[in-house]
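What follows is a short report on a single structure.
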Amino acid sequence: MPKEAKTTRKAKAGGRRKKDPNAPKRSLSAYMFFANEQRETVRSENPGIAFGQVGKLLGERWKALSPKEKVPYEARAAQDKKRYEEEKAAYLANGGSADYDDDE
DNA sequence: GGCCTGATTGTTTAT
DNA sequence: ATAAACAATCAGGCC
């Protein structure tokens with residue numbers, strides 16, 4: 001049974017609540033870096049394209065790339081991951097659940 | 001000890 | 001500032 005479910009995340013994307021106190025913002029995904037560079041190219045080749053189309057185009061192209069093509073993007077993702085490691089370390093070092101602040 | 005879900009990241013455009 | 005499609009990602013919760 002192919003579970004096509006995408007990790008069953010929430011339906012929307014807006015601003016979810018921070019379940020963590022100091023919330024070490026996690027790292028970015030390779031797609032974020034990919035989009036960062038491709039967004040210019042995609043929009044450049046698709047002048048006046050709608051945001052929904054760009055996003056879809058980006059996704060299709062992303063998967064169209066070979067794992068080695070994604071390497072540079074994953075590399076940056078790994079870079080950010082390391083950056084996140086510091087946040088996480090500080091977050092744990094600070095006492096994990098210590099500060100009480102739901103919304104700002 | 002292994003899995004599963006939820007929360008999060010950043011981009012686009014339009015309101 | 002927000003909303004949704006797009007993909008990745010991880011960390012913590014759970015039995």
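Chain letters run A, B, ... following the sequence lines, proteins first, then strands; residues in each count from 1.
- Going from atom CD of A/Glu60 over to atom P of B/dT11 covers 21 Å, rounded to whole Å.
- Checked against B/dT8, B/dG10, C/dA8, the side chain of A/Met32 finds its nearest nucleotide in B/dG10.
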Kindly give the atom pairs (protein nitrogen or oxygen, nucleotide nitrogen or oxygen) under 3.5 Å for nucleotides 13-15 of chain B.
| from | atom 1 | to | atom 2 | distance (Å) |
| --- | --- | --- | --- | --- |
| B/dT13 | OP1 | A/Arg43 | NE | 2.3 |
| B/dT13 | OP1 | A/Arg43 | NH1 | 3.0 |
| B/dT13 | OP1 | A/Arg43 | NH2 | 2.4 |

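- Hydrophobic clustering (ILVMFWY, side-chain heavy atoms < 4.5 Å, transitive): A/Phe33 and A/Tyr84 are in distinct clusters.
- In this structure, the CD atom of A/Gln79 is 18 Å from the C1' atom of C/dC10, given to the nearest Å.
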Inset, instruction - Begin from the C-alpha positions of A/Gln53 and A/Asn46 and carry the test side chain to side chain contact (heavy atoms under 4.5 Å, CB included) through to its verdict. - result: CA-CA 9 Å; A/Gln53 300 313 309; A/Asn46 301 285; over 6 Å; no
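- Placement of A/Met32 and A/Val54 within a single hydrophobic cluster is found when ILVMFWY residues are connected by side-chain heavy-atom separations under 4.5 Å, directly or transitively.
- With rounding to whole Å, A/Glu74 atom CD is found 10 Å from C/dC10 atom P.
- Taking atom CG of A/Leu65 as the reference point, atom C1' of C/dA7 lies 12 Å away to the nearest angstrom.
- Under the 4.5 Å side-chain heavy-atom criterion for ILVMFWY residues, a single connected hydrophobic cluster contains both A/Leu28 and A/Leu65.
- Taking atom CG of A/Asn36 as the reference point, atom P of C/dA8 lies 16 Å away to the nearest angstrom.
- When every heavy atom of A/Glu87 is checked against every heavy atom of A/Pro24, the shortest pair comes out as OE1-C, 3.7 Å.
- Partners of A/Tyr73 according to the ring-ring contact (aromatic ring centres under 6.0 Å, His included) rule, which considers only residues two or more places apart in sequence or in another chain, are A/Phe34, A/Trp62.
- Here the P atom of nucleotide B/dG10 and the OH atom of A/Tyr31 are 15 Å apart, to the nearest Å.
- Summarising the geometry, the separation between CD on A/Glu37 and P on B/dT9 is reported as 21 Å, rounded to the nearest angstrom.
- Of the candidate nucleotides B/dT8, C/dA7, B/dT11, B/dT11 has the atom lying nearest to any side-chain atom of A/Ala35.
- The side chain of A/Lys56 contributes an N or O atom lying less than 4.0 Å from OP1 or OP2 of C/dC6.
- Considering only side-chain N and O atoms, A/Lys63 lies nowhere under 4.0 angstrom from the phosphate OP1 or OP2 of C/dC6.
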Inset, instruction - List the steps and the verdict of salt bridge (Lys or Arg N to Asp or Glu O under 4.0 Å) for A/Glu85 and A/Lys81. - result: CA-CA 6 Å; A/Glu85 277 185 62; A/Lys81 187 204 167 291; 3.3 Å; yes
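- Contacts of A/Leu58 with the nucleic acid, taken as non-hydrogen atoms under 4.0 Å apart, are absent.
- The nearest heavy atom of DNA chain C to A/Gly55 and to A/Tyr84 marks one nucleotide each, and the one closer to the 5' end goes with A/Gly55.
- For the pair A/Glu85 CD and C/dC10 P, the computed distance is 10 Å after rounding to whole Å.
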